[in-house]
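Worksheet: one structure, shown below.
Reminder, nothing fancy here: chain letters follow the sequence lines and each chain counts from 1.
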2 protein chains.
Amino acid sequence: MKSDNKISEAVVRRLPVYLRFLNDLQKREIPTVSSQELGQKLDLNPAQIRKDLAYFGDFGRKGIGYDVSYLIEKIRHILKLDQQINVALVGAGNLGHALSNYNAYLKDTMKITAVFDSFAPKVGQQIHSLTVQPMEELESTIRKQGIRIGIITVPDFEAQNVADILVASGIEAILNFAPVILKTPSYVRIHAADFTTDLQSLAYYLQDGREEIEDGKQ
Amino acid sequence: MKSDNKISEAVVRRLPVYLRFLNDLQKREIPTVSSQELGQKLDLNPAQIRKDLAYFGDFGRKGIGYDVSYLIEKIRHILKLDQQINVALVGAGNLGHALSNYNAYLKDTMKITAVFDSFAPKVGQQIHSLTVQPMEELESTIRKQGIRIGIITVPDFEAQNVADILVASGIEAILNFAPVILKTPSYVRIHAADFTTDLQSLAYYLQDGREEIEDGKQ
DNA sequence: TAGATTGTTAATCGATTAACAATC
DNA sequence: TAGATTGTTAATCGATTAACAATC
């Protein structure tokens, strides 16, 4: 076991992927898994997986592999998912609506417990079991519910403003779906989840020499 | 200018971010920008930006910086966004619905031109200007419209099957919102856009020592 | 000319992978 | 015991950053 000196973001981002697959194994009642199997299923190098896990402790058994249930417990603890983490969603448009559906997926770990929108007609609407609240209530609700993570699904021109409010309300991390670079104090963690840049970078990998569609529907 | 030997994915993923900001500058009629300014606004090292761009050509002018319009043109060409790229969306649920809204954002570059769903009652529904089609029409529509990129927004247990069909239909790249690792031939580019893993990795960065909410309600 | 800023080389830093002793 | 597989060190590979000559 190493001290938690500095775990790289790349490592941290793989942990949820491990967790997801382990949950799958558990559902299928598979008791044990090796780094080799994990690597094969997740398209990762087995040595990398062992190294990732070893940053946090000696979770495996030589000659055997990793106990699925035990490893799930450990990764959940590392990711702080062994306590409920409350999440606020800001922006009750189509995307916000879609994401609030994922409460089922996030199930026992995180939970979107509040939704906000600045557009008056949206306020008061029901999204599943939640009622859209006005921005004015954001800070008090965040503090009351102990919300620690915010999701931004407002239009680009509102995003920085919303981020500022979230930060002022004591939020510690933001998942940002708006296509802008947010400026926040360094103690606030930001992940960009912008779908348009994802899609545009994919275009780079398309095959060349197809400037025109050959069999265009003339 | 270097040969396009092997451009790393990290570089390719930054290009749309540059493009987005440059579009902004253009709208504000700012004619020129230096790597230093870009770096400041995008939280990147100026040397990295110069290096990224230099992989593809000598786009700047010493002592001056980069001409905004010219650089936009160049990056659009590199990303193949100077031709229209048609995109298919598979899965007309909430998330699919939300993403099809972004056609406005993607505007003149990419365009979602077809939506599919396997659930019979969904078929025939209108999503903006598109009609949801049954999966049976996927291959023929993809070929007819010259669609080259697919977006997967179906539930996790359907995702691999959908990916297989997309690949068989000649798709070249996939943006996958389902929380699974897709297995595809190596010539098909996959980007994972799974919101749950994003969110879970954020939890890692929360401050410790807050196992219980201090001022729990009541 | 003087000041600014590129493109690029060299230095640094960090992440991935290979290899293997330890051990179940 | 023999086979499997971990945890970890060392080797490799790749990406970022610093520095600077070239030049607008």
Short side-chain N/O contact from [X] to OP1 or OP2 of [N], under 4.0 Å:
| X | N | answer |
| --- | --- | --- |
| B:Tyr66 | C:dG7 | yes |
| A:Ser8 | C:dA15 | yes |
| A:Ser35 | D:dT5 | no |

Starting at atom [atom1] of [X], determine the distance to atom [atom2] of [N], rounded to an integer number of angstrom.
| X | N | atom1 | atom2 | value |
| --- | --- | --- | --- | --- |
| B:Gln48 | D:dA18 | CD | C1' | 13 Å |
| B:Arg14 | D:dT17 | CZ | P | 9 Å |
| B:Arg50 | D:dA21 | CZ | P | 14 Å |
| B:Ile64 | C:dT6 | CD1 | P | 10 Å |
| A:Leu71 | D:dT5 | CG | C1' | 15 Å |
| A:Ile49 | D:dT8 | CD1 | P | 17 Å |
| A:Gln36 | C:dA18 | CD | P | 12 Å |
| A:Lys51 | D:dT5 | NZ | P | 22 Å |

Between [X] and [Y], does any side-chain donor sit less than 3.5 Å from a side-chain acceptor?
| X | Y | result |
| --- | --- | --- |
| A:His77 | A:Asp82 | yes |
| A:Gln84 | A:Thr109 | no |
| B:Asp164 | B:Gln160 | yes |

Study note, to complete from the structure: Re D:dC24: Watson-Crick or G-U wobble partner, both distances kept under 3.5 Å, found to be C:dG3
**Study point:** Complement of C:dA19, any strand, by Watson-Crick or G-U distances under 3.5 angstrom
**Key:** D:dT8
Among [options], which is the nearest nucleotide to the side chain of [X]?
| X | options | answer |
| --- | --- | --- |
| B:Lys62 | C:dT8, D:dC24, D:dT16 | D:dC24 |
| A:Asn45 | D:dT6, C:dA18, D:dT17 | C:dA18 |
| A:Asp58 | C:dG7, C:dC24, D:dT8 | D:dT8 |

Check your understanding: Can we say B:Arg14 and B:Glu9 salt-bridge, meaning some charged N sits less than 4.0 Å from an Asp/Glu carboxylate O?
Key -> no
Practice item. Might you work through the salt bridge (Lys or Arg N to Asp or Glu O under 4.0 Å) test for A:Asp24 and A:Arg20, ending with a clear yes or no? Key: CA-CA 6 Å; A:Asp24 217 66; A:Arg20 198 171 66 193; over 6 Å; no
